[in-house]
Structures are given as structure tokens and as C-alpha cells.
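Below, read A as the first sequence line, B as the second, and so on, with proteins coming before strands; counting in each chain starts at 1. This structure is a prediction, so every number in the text was calculated from the model and none was measured.
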2 protein chains.
Amino acid sequence: MKSPQKRLDEILSKLRQREFRITPQRIAILKAFIRNDEHPSVEQVHAQVKINFPTTSLATVYKTVNLLKEIGEILELSFPDGRNRYDCRKPYPHPHLICINCQAILDPEVGSVARMTTEVEQNSGYRILSHQLEFFGVCPACQRK
Amino acid sequence: MKSPQKRLDEILSKLRQREFRITPQRIAILKAFIRNDEHPSVEQVHAQVKINFPTTSLATVYKTVNLLKEIGEILELSFPDGRNRYDCRKPYPHPHLICINCQAILDPEVGSVARMTTEVEQNSGYRILSHQLEFFGVCPACQRK
DNA sequence: ATACATGCAAAACATTTGCATAAGA
DNA sequence: TCTTATGCAAATGTTTTGCATGTAT
């Protein structure tokens with residue numbers, strides 16, 4: 001697991017390299033996304049950022065998310081309820097395990113995803129570029145309630 | 001593969017059994033969902049239904065979708081673009097293969113989904129109830145362009 | 001007859017956009 | 001300085017809701 005600081009530097013240097021500007025808001029938004037391993041929503045990150053930068057607007061957070069999507073440094077998770085959540089630590093496709101009771105999100109180890117992708121690619125003739133894999137269930141803690 | 005007529009009767013008898021009313025609009029909406037194997041959006045089904053029932057409102061289609069979700073007879077696919085699409089033929093979780101160019105949706109055969117679910121269940125302690133698995137790529141026809 | 005479904009319009013919700021102002025390079 | 005980012009408000013697009021009217025049972 002990469003350290004939050006390393007991950008932040010990684011993204012910052014990519015932004016510099018592509019001549020995007022490093023603003024206090026962007027740094028704060030990035031930190032909020034990276035520090036939070038709960039796959040936060042835009043709303044949650046905005047709330048976090050406003051603690052230190054009270055004037056930060058929701059629009060700026062959305063614009064930053066789109067910028068991060070463009071440079072491939074954030075993964076967007078679309079949910080049935082229409083509220084997207086994000087993974088800025090691992091911006092590449094990977095499985096998620098979601099508790100439908102407490103909304104906790106885990107990254108389970110799944111051995112066979114790559115194999116499965118190859119299988120589908122060969123059977124269908126599609127060139128597969130990405131995927132989305134979510135498991136919905138009840139976590140151990142919520143099962144006990 | 002179940003015949004469209006059989007699938008329609010299946011849903012209608014479930015509605016009757018639960019004492020929901022069978023209206024011409026509901027039948028038309030169901031037929032549009034079942035006839036269409038392209039995983040249509042609400043908008044698309046509404047357009048189809050309006051050919052025979054021009055006064056049908058979008059709200060009624062949405063309400064019917066929610067009714068079908070309640071009784072477990074439709075599968076909702078959430079997309080990053082925020083436009084949901086539906087599968088009323090196979091209302092249980094199954095993989096989808098989506099062309100990012102022409103939006104075609106296929107149901108690929110994937111052997112190892114059940115095995116993978118069991119693997120995640122055992123490693124995590126979660127009780128898994130459903131999943132969502134989408135592959136995004138370019139279909140053979142679009143690759144040639 | 002009566003409860004439920006429909007259809008319209010308005011509301012709700014997340015997200016995007018336009019534009020004047022502020023600020024990084 | 002000069003271009004890009006911010007923040008506000010308004011716009012967008014999808015889905016939901018309230019309510020009067022219509023209709024299946």
C-alpha cells in the first residue's frame with residue numbers, strides 16, 4: 001500500500017507536468033480524497049475541505065474530480081442510488097465489497113478477475129478496456145445486529 | 001431463453017398474486033421492456049409505449065420500474081453517466097459487456113462468477129446478496145471503423 | 001364502490017456550465 | 001502579466017412526489 005504522502009506527490013507532479021495549476025483548494029481536495037479510504041462522495045470531500053477552506057465551493061470539487069478523471073488518477077464508482085463515490089488511492093479498476101447496511105466499502109482480494117476478462121475477451125471478440133465489479137452484502141459486524 | 005410471452009405471463013401473475021392492478025399501460029410497459037433485449041432506458045421504453053398509448057407519462061414508466069424492482073422482476077444497471085438501463089428478461093445479477101462506442105450491451109457467458117462470489121464470501125466474512133459486473137470495451141464492429 | 005393507478009406539474013437530487021473575479025505561473 | 005482556477009448562481013438531466021382525476025377490481 002502506497003503512503004498517502006507519496007500518492008499525493010505522485011498526483012501533484014502529474015498535474016505540474018501537464019501544466020495544471022497547484023492551488024490550495026486542489027491540494028486540500030486531493031488530501032481529503034487520499035486520506036479517506038472509505039471511498040467518499042463529492043459531498044463528503046467537500047465537507048472535509050471546508051473545515052480548512054470554508055469558502056471552497058462544491059463546483060470546484062466537481063471540477064477537480066473531472067480533472068482527476070481526465071488524467072486517470074481517480075476511479076469513479078457509480079451506484080444504484082445515483083450518488084457517485086470515488087477511489088483516489090487505487091485509480092484502476094478493482095473489485096469492491098459493499099455492506100448494504102452500514103455502507104462500508106472494502107477492497108477484497110479476488111484472484112480470477114484478470115482470467116475472467118481474458119475469457120470474455122476471447123469469447124466475444126470485444127477489446128476490453130476496463131470493468132466494474134461490485135459485491136453487495138452484509139458485513140460481519142452488521143450480521144450480528 | 002424464456003419466450004417473451006411466457007416472461008410476460010410470469011410477471012403478470014406475480015402482480016395479480018400480490019393484488020397489484022393490471023392496466024393497459026403496465027402491460028404495454030412490460031411488453032416494451034421484455035421485447036427489447038438492448039437493456040433499454042426508461043426514456044426508450046416510454047417512447048416505445050407512446051406509439052400505442054400516446055398519453056402515457058414518463059412518471060408512470062418510472063413508477064412501474066419501481067414496482068418491478070420491489071417485486072424483484074427487473075434488474076437496474078447504473079452507469080457512470082447517470083442514465084440507468086434495465087434488464088427485465090433476466091432480473092438477477094449477471095455480467096454485461098458494453099461497447100463504449102456504440103453502447104451495445106451483450107450478456108457474455110462467464111463461468112467463474114459463482115466461484116468468485118464464494119471466494120470473496122469466505123475470505124471476507126460478508127454475506128453476499130448480489131453483485132454487479134460490467135466489462136467496458138470496443139465491440140468487433142466498432143474496432144473495424 | 002372504493003381503493004389504487006394515471007398524468008400532469010412541480011420538486012428533488014446530483015452534476016454541469018457561464019461568467020465575473022481572484023490568483024498561480 | 002496573462003492565463004487558468006475559483007465561486008456563485010443558474011441551468012441541466014434524471015428521477016421522484018403531490019394531487020386531482022380516471023379506472024380496475
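- Take A/Arg35 and apply the salt bridge (charged side-chain N to carboxylate O under 4.0 Å, His left out) test, not counting sequence neighbours, and it matches no residue.
- Not counting sequence neighbours, the partners of B/Ser41 by the side-chain contact (heavy atoms from CB on, under 4.5 Å) test are B/Glu43, B/Gln44, B/Arg83, B/Arg85.
- A/His96 is linked by a ring pair (Phe, Tyr, Trp, His ring centres under 6.0 Å) to A/His39, A/His94, counting only residues two or more places apart in sequence or in another chain.
- The side-chain contact (heavy atoms from CB on, under 4.5 Å) test applied to A/Ala47 returns no partner, not counting sequence neighbours.
- Every residue was checked against the salt bridge (charged side-chain N to carboxylate O under 4.0 Å, His left out) condition with B/Asp37, not counting sequence neighbours, and none meets it.
- The nucleotide range of DNA chain D contacted by chain A, defined by atoms under 4.0 angstrom from heavy atoms of the protein and reported 5' to 3', is D/dT3 to D/dC8.
- The stretch residues 42-76 of chain A touches DNA chain C through A/Ala59, A/Tyr62, A/Lys63, A/Asn66, each having a heavy atom within less than 4.0 Å of the strand.
- Atom-to-atom, CZ of B/Arg83 to P of C/dT16 comes out at 14 Å; the value is rounded to the nearest Å.
- Take B/Arg26 and apply the side-chain hydrogen bond (donor to acceptor under 3.5 Å, both in side chains) test, not counting sequence neighbours, and it matches no residue.
- With sequence neighbours left out, A/Glu134 forms a salt bridge (charged side-chain N to carboxylate O under 4.0 Å, His left out) with no residue at all.
- Every residue two or more places apart in sequence or in another chain was checked for a salt bridge (charged side-chain N to carboxylate O under 4.0 Å, His left out) with A/Lys50, and none qualifies.
- Exactly one of B/Val65, B/Val45, B/Ile74, B/Ile29 qualifies for a side-chain contact (heavy atoms from CB on, under 4.5 Å) with B/Cys88. That residue is B/Ile74.
- Residues meeting the side-chain contact (heavy atoms from CB on, under 4.5 Å) test with A/Leu106, sequence neighbours left out: A/Leu97, B/Tyr126.
- Taken residue by residue, residues 11-33 of chain B places heavy atoms nearer than 4.0 Å to DNA chain C at B/Phe20, B/Arg21, B/Thr23, B/Gln25, B/Arg26.
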